[in-house]
Q: 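The structure under discussion is supplied below as structure tokens; questions concerning it will follow.
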Amino acid sequence: MTARFYVTTPIYYVNGAPHIGHAYTSIAADVVARFHRLSGHDVFFLTGTDEHGQKVEQAAQAADVAPKEFVDAISANFRDMADAMAISYDDFIRTTEPRHIKSAQALWQKVADSGAIYLGAYEGWYALRDECFYSEDELVAGPDGTKRAPTGAPVEWVKEPSYFFRLSDYQDKLLELYETHPEFLGPNSANRELVSFVKQGLRDLSVSRTSFKWGIPVPGDDAHVMYVWFDALANYLSALDYPDTDAPRAAFWPANLHLVGKDIARFHAVYWPAFLMAAGLEVPRKVFANGWWTVEGEKMSKSLGNVIDPRDLVQEFGLDAVRFFLLREVPFGGDSDLSRKSLIMRNNVELANDLGNLCQRTLSLVARNCDGIVPERRELTEEDSKLLGQVAVLPNLMASQIERCALTDALEDVWKVIRAGNAYIDHQAPWALRKTDVERMKDVLRVLLDTLRGIATVLQPFMPQSMDRMLTQLGVEAAERSFAALDVILPAGRTLPAPQGIFPRYVEQAPE
RNA sequence: GGCGGCGUAGCUCAGUGGUAGAGCAGGGGAAUCAUAAUCCCUUGGUCGGAGGUUCAAAUCCUUCCGCCGCUACCA
């Protein structure tokens, strides 16, 4: 049976334009999805947008458009960003779609039937003017000493009827989950924080609101709409046509990996498994939280005006250079800084000099000295076997890295082989062999072609467009690009196209 | 306040008991097939401070200093 793999990004909240952080999570998920496809697995890769809530309702009102019209535009913008970043999603779900509403309500009903939902009251400081609740520590003292909202609006303590989820019943079950499945939440730092959070004790969770209307009606009580997490998290099931367990996609549950930003790790690793347990469903295999990006050392913020649209970077540096940079720069899971200098450095040193140039020098030697025809694979020397051996283990080596979301380490493994390839070509010096031993020169070039093929194959998930071009230049047909295909060496005699640079060096324009 | 993380070469980081590592940057050399890219050699660290356990500690314990995260209804 073919292994199934279900990977998700968060559904992005449509209260603003997509930025580099959204692209980052999506690219990471895309790499995982593409890697599993190349491994021959049956992959379902989901992304989408989260479109309900009071903030959206208010933003639409402020823009003087209907909420639906408002979210249509922003959702389309997120989808455009995903397409621009070559995110190979199999489905793009929107929480305003009927299929999602139906699913979320079914999930609610299932959880309610289990007795895990009850009607209570949500209490808090409410500002009528802002139509919004504030927490105690957000409040400021007004001029007359009374409590005020940060906006200056007067607040009052109010009770609003609300449905609650019995989260407190799940503390022990959750702790057991973390203990028996230490890989459930990554990276480790997030895991430790979470365990200590849950150990502090869990309170029941308010899961509905009556203070706004832009949401999914609670089954059986139209006065309420579902509050954020119950609505949003359900997307991972609604895309599988839950509760229709006969649907073809239903077999993808439980999800293998939810990739999320670290701000929402808790919701995915505490609330979500608790909801699922209450509904009698399996919990996801893994949740992994990635860090934040700063820009030139500073936090991204609208007020600083340094929010980066990933599409602008792609315009200037090319898609694959950006994808590569984001995953290469800093261990996946931690925070990272995006600077012009480091982006250009990675592009020039690792893509242009190390990989691009290795490919270019090999292909031009083949073009010039072998009439552009792939030579035979013949007897291998010790050096030949050593290099090819390093290439051969890459798919398995990277699979174990990707299993634990160590995307940066997976790239480092490939770069070790690329550096070894550059050392090999220098030591073998096929340009010298041309004059002394033409047959050996051909053997060396053949080893290099096979090495590059292996490298380009395993890098496809990270840089799909460039590696497509590289494999074409190496004479590798579309059907010969999976990991399994690496077991069969290319037939000799193929004529290669004229070599063309894959990764140009980036030269910074003079500032004046 | 409570819980947790981090502090290792100029920079970014790896390294959880056994003679300090990688990449980049710096220095010297080789080669000239190639996008002037590459390869080889090399300088450089009392592993935040102090104390302790041990035959042996960056690695375990205590304490101090500095930075950061989490501390629930926030998308």
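Chain A is the first sequence line, chain B the second, and so forth, proteins listed ahead of strands; every chain is numbered from 1.
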Q: Using purine N1 to pyrimidine N3 plus N6-O4 or O6-N4 for Watson-Crick, or N1-O2 and O6-N3 for G-U wobble, both under 3.5 Å, which nucleotide pairs with B:G10?
A: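 B:G10 is paired, partner B:C24.
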Q: Is it true that the side chains of A:S26 and A:Y12 contain a donor and an acceptor less than 3.5 Å apart?
A: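 Looking only at side-chain atoms, A:Y12 and A:S26 do form a donor-acceptor pair, the distance falling under 3.5 Å.
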Q: Could you work out, with ring pair (Phe, Tyr, Trp, His ring centres under 6.0 Å) as the rule, every residue matching A:Y227, not counting sequence neighbours?
A: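 Residues passing ring pair (Phe, Tyr, Trp, His ring centres under 6.0 Å) with A:Y227: none at all.
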Q: Which pairs pass side chain to side chain donor-acceptor pair (under 3.5 Å) with one or both residues in residues 167-179 of chain A, sequence neighbours excluded?
A: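 Output for this query lists A:S168-A:D204.
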Q: Of all the nucleotides listed (B:C70, B:U35, B:C73), which has the minimum atom distance to the side chain of A:E193?
A: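 When the side chain of A:E193 is considered, B:C70 is the closest of B:C70, B:U35, B:C73.
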Q: For A:D204, report the nucleic acid contact type (base, sugar-phosphate, nothing); a contact means any heavy atom under 4.0 Å.
A: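 Base contact.
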Q: Let's test this: given Watson-Crick or G-U wobble pairing with both distances under 3.5 Å, identify the partner of B:C67.
A: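 Pairing partner, where one exists within any strand: B:G5.
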Q: Identify which nucleotide among B:C74, B:C39, B:U38 has an atom closest to any side-chain atom of A:A423, counting heavy atoms from C-beta outward.
A: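 Given the options B:C74, B:C39, B:U38, the side chain of A:A423 is closest to B:C39.
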Q: Whom does B:C47 pair with, Watson-Crick or G-U wobble, provided both distances fall under 3.5 Å?
A: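 The answer is none; no pair meets the criterion.
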Q: Mapping A:N422 and A:L233 onto RNA chain B by nearest heavy atom, which one lands closer to the 5' end?
A: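 Of the two residues, A:N422 wins.
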Q: Would you say A:R192 places a side-chain N or O within less than 4.0 Å of OP1 or OP2 belonging to B:C3?
A: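 For A:R192, the contact criterion (side-chain N or O under 4.0 Å from OP1 or OP2 of B:C3) is not met.
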Q: Tell me the interatomic distance from A:L194, atom CG, to B:G69, atom P, rounded to whole angstroms.
A: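 Distance check: A:L194 CG to B:G69 P gives 18 Å.
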Q: Between B:C39 atom P and A:E383 atom CD, what is the distance in whole Å?
A: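 Computing the A:E383:CD to B:C39:P distance gives 17 Å.
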Q: Which nucleotide, if any, forms a Watson-Crick or G-U wobble pair with B:C73, using both distances under 3.5 Å?
A: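 Per the H-bond distance test, none.
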Q: Would A:Q428 and A:R440 count as having a side-chain donor-acceptor pair, cut-off 3.5 Å?
A: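 On atom types as modelled, these side chains qualify, holding a pair under 3.5 Å.
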Q: Keeping the roles fixed (side chain from A:S238, backbone from A:S103), state whether a donor-acceptor pair exists under 3.5 Å.
A: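 Judged by distance alone, no pair lies under 3.5 Å.
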Q: Students often mix this up, so state it plainly: with edges at 30° and 60°, are the rings of A:Y24 and A:W293 parallel, tilted or perpendicular?
A: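 The rings of A:Y24 and A:W293 stand perpendicular, inter-plane angle above 60°.
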Q: Expressed as a whole number of angstroms, how long is the span from A:R328:CZ to B:A22:C1'?
A: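 In whole Å, B:A22 C1' and A:R328 CZ are 10 Å from each other.
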Q: To the nearest angstrom, how far is A:M470 atom CE from B:U35 atom C1'?
A: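 Atom CE in A:M470 sits about 12 Å away from atom C1' in B:U35.
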Q: Nearest-Å distance, CZ (A:R209) to C1' (B:C73)?
A: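 Spelled out: CZ on A:R209 to C1' on B:C73 is 6 Å.
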Q: Rounded to the nearest angstrom, tell me the gap between atom NZ in A:K262 and atom P in B:U71.
A: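 About 11 Å, once rounded to whole Å.
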Q: How would nucleotides 24-34 of chain B be written as a contact map, 5' to 3', with B for base contact, S for sugar-phosphate-only contact and - for no contact, using protein heavy atoms under 4.0 Å?
A: -------SSBB
Q: Indicate the ring-plane relationship of A:W272 and A:F275, choosing parallel, tilted or perpendicular according to the 30° and 60° boundaries.
A: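 Judged by the thresholds at 30° and 60°, the geometry between A:W272 and A:F275 is perpendicular.
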Q: Which nucleotide wins on minimum distance to the side chain of A:F197, given the candidates B:A72, B:A37, B:U35?
A: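 Of all the options, the side chain of A:F197 is nearest to B:A72.
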Q: What integer distance in Å separates A:H224:NE2 from B:C73:P?
A: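 After rounding, the reported distance stands at 20 Å.
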